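Please read all numbers here as calculations on a predicted model, not as lab measurements.
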Amino acid sequence: MKAVERAKLVRSLRQESRRLRLLVLVIGFFLITLTFVVFIKPDAILFNLNGRLSVDQAPRSLLIRQGVDTAATASRRSADTLAAAAEDPKVVDGDSAGIEANANANANAGASEDEKRVLTSETEQGKMAEAAPASELLGGEEEGRNGLHKGRQEDQEHKMTLPTVSNYSIHETTNDSDNGKQEDRKTDSGIKLVTDVDQSNSRDRSHQPALDNMGWDKPLCDFSNFRANVCEMRGNIRIHPSGSSVMYMEPAGSMKDEQWKIKPYPRKGDELCLSHITEVTVQFSKVAPECTKYHDVPAVIFALTGYTGNLFHDFTDVLVPLFTTANEFNGEVQFLITDMAIWWTRKYAVVFEKLTKYPLIDFNKDNEVHCFKHTIVGLHAYMELTIDPLKAPHNYSMVDFNKFMRRTYSLPRDEVTSLGEVPKTKPRLLIISRQRTRMFLNLKEIVAMAEEIGYEVVVEEANVNSNVAHFANVVNSVDVMMGVHGAGLTNCVFLPHSAILIQIVPWGALDGICRVDFGYPAEQMGLRYKHYSIGVHESSLTDQYPLDHEIFKNPLAFHKNGFEFVRQTFMDTQNVRLDCNRFRPILLEALDQLNQ
């Protein structure tokens, strides 16, 4: 029996030995694999043990980079600033790409205060796009926008590019530099730009009560919005522009270790655009430079360079989000602007005067350490040219923004008057004309037809040199505004409530994006919107291609060739020869609505 038991024991030990060797092999393989991932591809490790995104393990992209060495960031920024000082601003045409224009505008952020920056109106940037399915572009308009940028369709939570009217541009240069320089030489009408802040909301240390040192139980930043990242905090906050940092001073005993990297411009996912934006570090800290300026009002930090200079992006990327974020403070708020474009702040000086009572601080040129009790980094933004009342502070909506713009520019008409109430008064029709692409080839015929119906017709072209106040008054004086899809339609923000916007959609299966850019925003502003898609015979593409060409039979198929092809084919080289007989019923319907 002993021999049998001994044999069983030997067999059992051998089995255990084999199991042990197998376990060692599995553990060894796992450790080798983990070591390979850590050193070769650290971005693959996304979560720590408690399921929360660790500041040391987060994806290192242009948009969301946590746990990055602050000193390295400051050093890199300083090098960029020195290199940028040698560059000159580039002048671009009203419809030329905002990519080059804004890259140069950003390069000049570190230059002297006398440096001139010139951009022009419709810098419709060229972002590469793939076509969405027909159901997205034609039926599901909002979803239709999500397929237009090649290679940027995945991971909406962290990377999503919104194709917009500005994507459809021609890349031309122009000689309008003198106009831009003259605007920079104009006297600043009320807006003050400061690098050394000496203002009523700043105080000496001796006059400043102790800053709040309460605990902040929320994450400093919210990166869940598909369009924009925003950080907001209350307590003892120190902003050090020369270090590109915002530090939340931790109360005694706090063990929080949180760090965020944010580019405060609402084009999340658009790496090309954000590559020109200054990155700001937001973090908990126990050590920080001493305060040199104390402020009794909240701070809002945002960027200007991006795609600004294009009228559509002026509003959808800056003015609408800035209103949404800052209007609740009734002027008692301090703006700190990264990547400052001085000419742009002068162009919209009256808007800044309505939103803040204090001089603007040029973040990139400021050497102070500012102390605040409430700070917001980034701007609240939603879909193009819209405000989501369910998410916006105080449930702001585009109706509120429309009222704000009319009040800001002292526009006389808040509401369209029914034609029956004013006998013998003709309704006014504004036609937005264009001079380089998407032009009306038969503008005189259109004007004659509209006048025959009973309209008083006004024809205007909006560009960067247009006086905003003058153009706002022209727009506010009309009852109906029409134009081909383009940045000029952004002027609908000045229309009186219940006015009518008519968008002419070029050939090329672009209905979805056109509705998202202007259709839905117009309706949310309380305007009445009409959508007119041109037919094949109304497109100048018939002068370039035979009628049996695939471009007319299945235009959506061409989106598969990438956005560059779509832009060049359907936007840059297409003009419109409006069929007045086909379009006439649209104007008649508008007349009927004005009589109601």
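- Of the possible polar contacts, one joining the S275 side chain to the L272 backbone as a donor-acceptor pair under 3.5 Å is found.
- The side-chain contact (heavy atoms from CB on, under 4.5 Å) search around S410 returns none, not counting sequence neighbours.
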Requested in this report: Evaluate the side chain to side chain contact (heavy atoms under 4.5 Å, CB included) criterion for residues Y396 and H394: first the C-alpha distance (whole Å), next the side-chain angles of each, then the deciding distance (0.1 Å), finally the verdict.
Outcome: CA-CA 5 Å; Y396 288 135; H394 301 280; 4.0 Å; yes
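- For the atom pair CZ of F352 and OG1 of T408, the computed distance is 12.0 Å after rounding to the nearest 0.5 Å.
- The nearest pair of heavy atoms linking L443 to V459 is CD2-CG1, 4.0 Å.
- For residues 426-447, no pair satisfies ring pair (Phe, Tyr, Trp, His ring centres under 6.0 Å), with sequence neighbours left out.
- Using cut-offs of 30° and 60° for the angle between ring planes, the H313 and Y307 rings count as tilted.
- Side-chain contact between P427 and V480 is absent, with no heavy atoms from C-beta onward closer than 4.5 Å.
- Ion pairing of E452 with R584 is present here, as a side-chain N (NZ or NE/NH1/NH2) and a carboxylate O approach within less than 4.0 Å.
- Taking the six-membered ring for Trp and thresholds of 30 and 60 degrees, W507 and F552 have ring planes inclined between 30 and 60 degrees apart.
- Q574 places a side-chain heavy atom less than 4.5 Å from the side chain of I534.
- Looking only at side-chain heavy atoms (C-beta outward), N442 and C580 come within less than 4.5 Å of each other.
- Looking only at distances, no side-chain donor or acceptor of E461 sits under 3.5 Å from a matching main-chain atom of S433.
- Looking only at distances, a side-chain donor or acceptor of N395 sits under 3.5 Å from a matching main-chain atom of P389.
- Using a 4.5 Å cut-off on side-chain heavy atoms (C-beta onward), D548 and K553 make contact.
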Report task. Apply side chain to side chain contact (heavy atoms under 4.5 Å, CB included) to the pair R413 and L411, showing each step before the final yes or no. Result -> CA-CA 6 Å; R413 301 177 72 210; L411 303 179; over 6 Å; no
Report task. Given side chain to side chain contact (heavy atoms under 4.5 Å, CB included), test D517 with C514 step by step and report yes or no. Result -> CA-CA 5 Å; D517 280 348; C514 289; 6.0 Å; no
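- Residues forming a ring pair (Phe, Tyr, Trp, His ring centres under 6.0 Å) with Y455 (at least two apart in sequence, or on another chain): none.
- L379 pairs in a side-chain contact (heavy atoms from CB on, under 4.5 Å) with only one of the listed residues (V230, T324, V300), which is V300.
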Report task. Please assess Q544 against T569 for the test side chain to side chain contact (heavy atoms under 4.5 Å, CB included), listing each intermediate value before the final yes or no. Result -> CA-CA 10 Å; Q544 306 171 44; T569 303; over 6 Å; no
